[in-house]
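Okay, so here's the structure we're looking at.
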Amino acid sequence: ARSWRSRRDSYTTQQLTRLRGKMTPRILIVDDHEIVRVGLKTHLLKSRPGWDICGEGIDGEQAVQLADQLHPDLVVLDITMPRLSGLEATSRMRKLGSKTPVLIFTTHDFPTLASEVREVGAQGYVLKSQAVRDLIRAIDVILEGGTFFGFPQKADAKRDDKPNPGAVFFQGFAFAS
């Protein structure tokens with residue numbers, strides 16, 4: 001993992017200004033289920049009222065397009081979507097030169113998840129079953145230049161490519177109103 005100082009070179013000037021606290025972080029949410037997008041938006045804004053949800057998309061193609069148009073500070077992206085998966089969308093964004101951090105948000109917990117997320121260039125993942133516990137923390141860590149693969153890793157921490165060995169049990173996905 002890179003330190004914040006080396007990581008900052010991958011951000012645009014506008015993103016750096018927001019991340020230093022002079023402007024609010026802008027977040028793009030992409031998930032094919034409207035209830036998930038609405039729940040995410042509600043949870044994020046309730047937890048961090050100063051954050052700006054700058055856009056929403058319903059598939060991987062829109063994720064790539066909106067990330068290019070809106071220049072968010074972070075994209076929260078589902079894996080399983082029509083037309084283009086979240087992993088494929090992240091890979092495409094990287095091939096197009098986008099350096100916008102991506103947090104994969106998924107119901108899927110499989111042994112190679114962490115390595116596949118890293119391979120496409122995303123900064124981490126959160127399981128939907130763990131969203132209430134992990135989502136805000138993961139976004140905070142990633143906005144500070146770190147990664148989140150089931151647990152936070154600061155920007156200058158040594159990266160362990162092994163997925164979190166802890167068992168994750170499906171607890172449902174709900175947001176308090």
| message | Whether the side chain of S91 engages the backbone of L87 through a donor-acceptor N/O pair (distance < 3.5 Å, no angle test) should be reported. | response | no

| field | Any side-chain heavy-atom pair of D78 and T107 under 4.5 Å | value | no

| note | In terms of heavy-atom contacts, A122 and I104 come closest through CB-CG1, 4.0 Å

| query | Is there a donor-acceptor contact under 3.5 Å from the side chain of Q123 to the main chain of G121? | reply | yes

| Derivation of the side chain to side chain contact (heavy atoms under 4.5 Å, CB included) call for R94 and V102 | CA-CA 10 Å; R94 296 301 178 247; V102 173; 3.6 Å; yes

| For L45 and W51, which heavy atoms make the closest approach, and how far apart are they? | CD2-O, 3.1 Å

| task | Would you give the length of the straight line joining atom NE2 of H33 to atom CZ of R37, rounded to the nearest 0.5 angstrom? | result | 9.5 Å

| query | Is the Lys NZ or Arg CZ of R118 less than 6.0 Å from the centre of F149's six-membered ring, within 45° of the axis? | reply | yes

| request: Indicate the atoms forming the closest heavy-atom contact of I58 with V30, along with that distance. | output: N-CG1, 4.2 Å

| request: Would you check if the side chain of E88 reaches a backbone N or O of L84 as a donor-acceptor pair within less than 3.5 Å? | output: no

| Note, D73 side chain near T100 side chain (heavy atom, < 4.5 Å) | no

| request: Of all the heavy-atom pairs spanning T147 and I142, show the shortest one and how long it is. | output: CA-CG1, 4.3 Å

| remark: Note: L28 and A63 closest approach over all heavy atoms is CD2-O, 4.1 Å

| With a 4.5 Å heavy-atom cut-off, do M81 and E61 have their side chains touching? | no

| task | Measure the shortest side-chain to side-chain distance between L127 and L113 over non-hydrogen atoms and say whether it is less than 4.5 angstrom. | result | yes

| remark: One should read off an interatomic distance between I29 CD1 and C54 SG, to the nearest 0.5 angstrom, of 9.0 Å

| query | Would you find a donor on one side and an acceptor on the other, under 3.5 Å apart, between the side chain of S115 and the backbone of T112? | reply | yes

| task | For the pair L135 and L103, evaluate side chain to side chain contact (heavy atoms under 4.5 Å, CB included) and give the outcome as yes or no after the intermediate values. | result | CA-CA 9 Å; L135 186 61; L103 176 65; 3.8 Å; yes

| Does a salt bridge link R26 with D52, judged by any charged N lying under 4.0 Å from a carboxylate O? | yes

| query | Passes side chain to side chain contact (heavy atoms under 4.5 Å, CB included), V75 versus F105? Steps please. | reply | CA-CA 10 Å; V75 179; F105 189 57; over 6 Å; no

| Between T80 and H108, does any side-chain donor sit less than 3.5 Å from a side-chain acceptor? | yes

| query | So among T106, D31, D109, which one has a side-chain hydrogen bond (donor to acceptor under 3.5 Å, both in side chains) with K128? | reply | D31

| Which distance, rounded to the nearest 0.5 Å, do you find between the OG of S98 and the NE2 of H71? | 9.0 Å

| query | H43 versus I136: any side-chain heavy-atom pair under 4.5 Å? | reply | yes

| request: Taking the side chain as every heavy atom from C-beta outward, state whether I27 and P72 have any pair of such atoms under 4.5 Å apart. | output: no

| request: Show your reasoning for whether side chain to side chain contact (heavy atoms under 4.5 Å, CB included) applies to M93 and L77. | output: CA-CA 12 Å; M93 284 188 260; L77 187 58; 4.0 Å; yes

| Are any non-hydrogen side-chain atoms of D68 and V64 less than 4.5 angstrom apart? | no

| request: Could you tell me whether D140 and R48 make a salt bridge, using a distance below 4.0 angstrom between a side-chain N and a carboxylate O? | output: yes

| request: State, to 0.1 Å, how close R83 and Q62 come at their nearest heavy-atom pair, and which atoms those are. | output: NH2-N, 4.4 Å

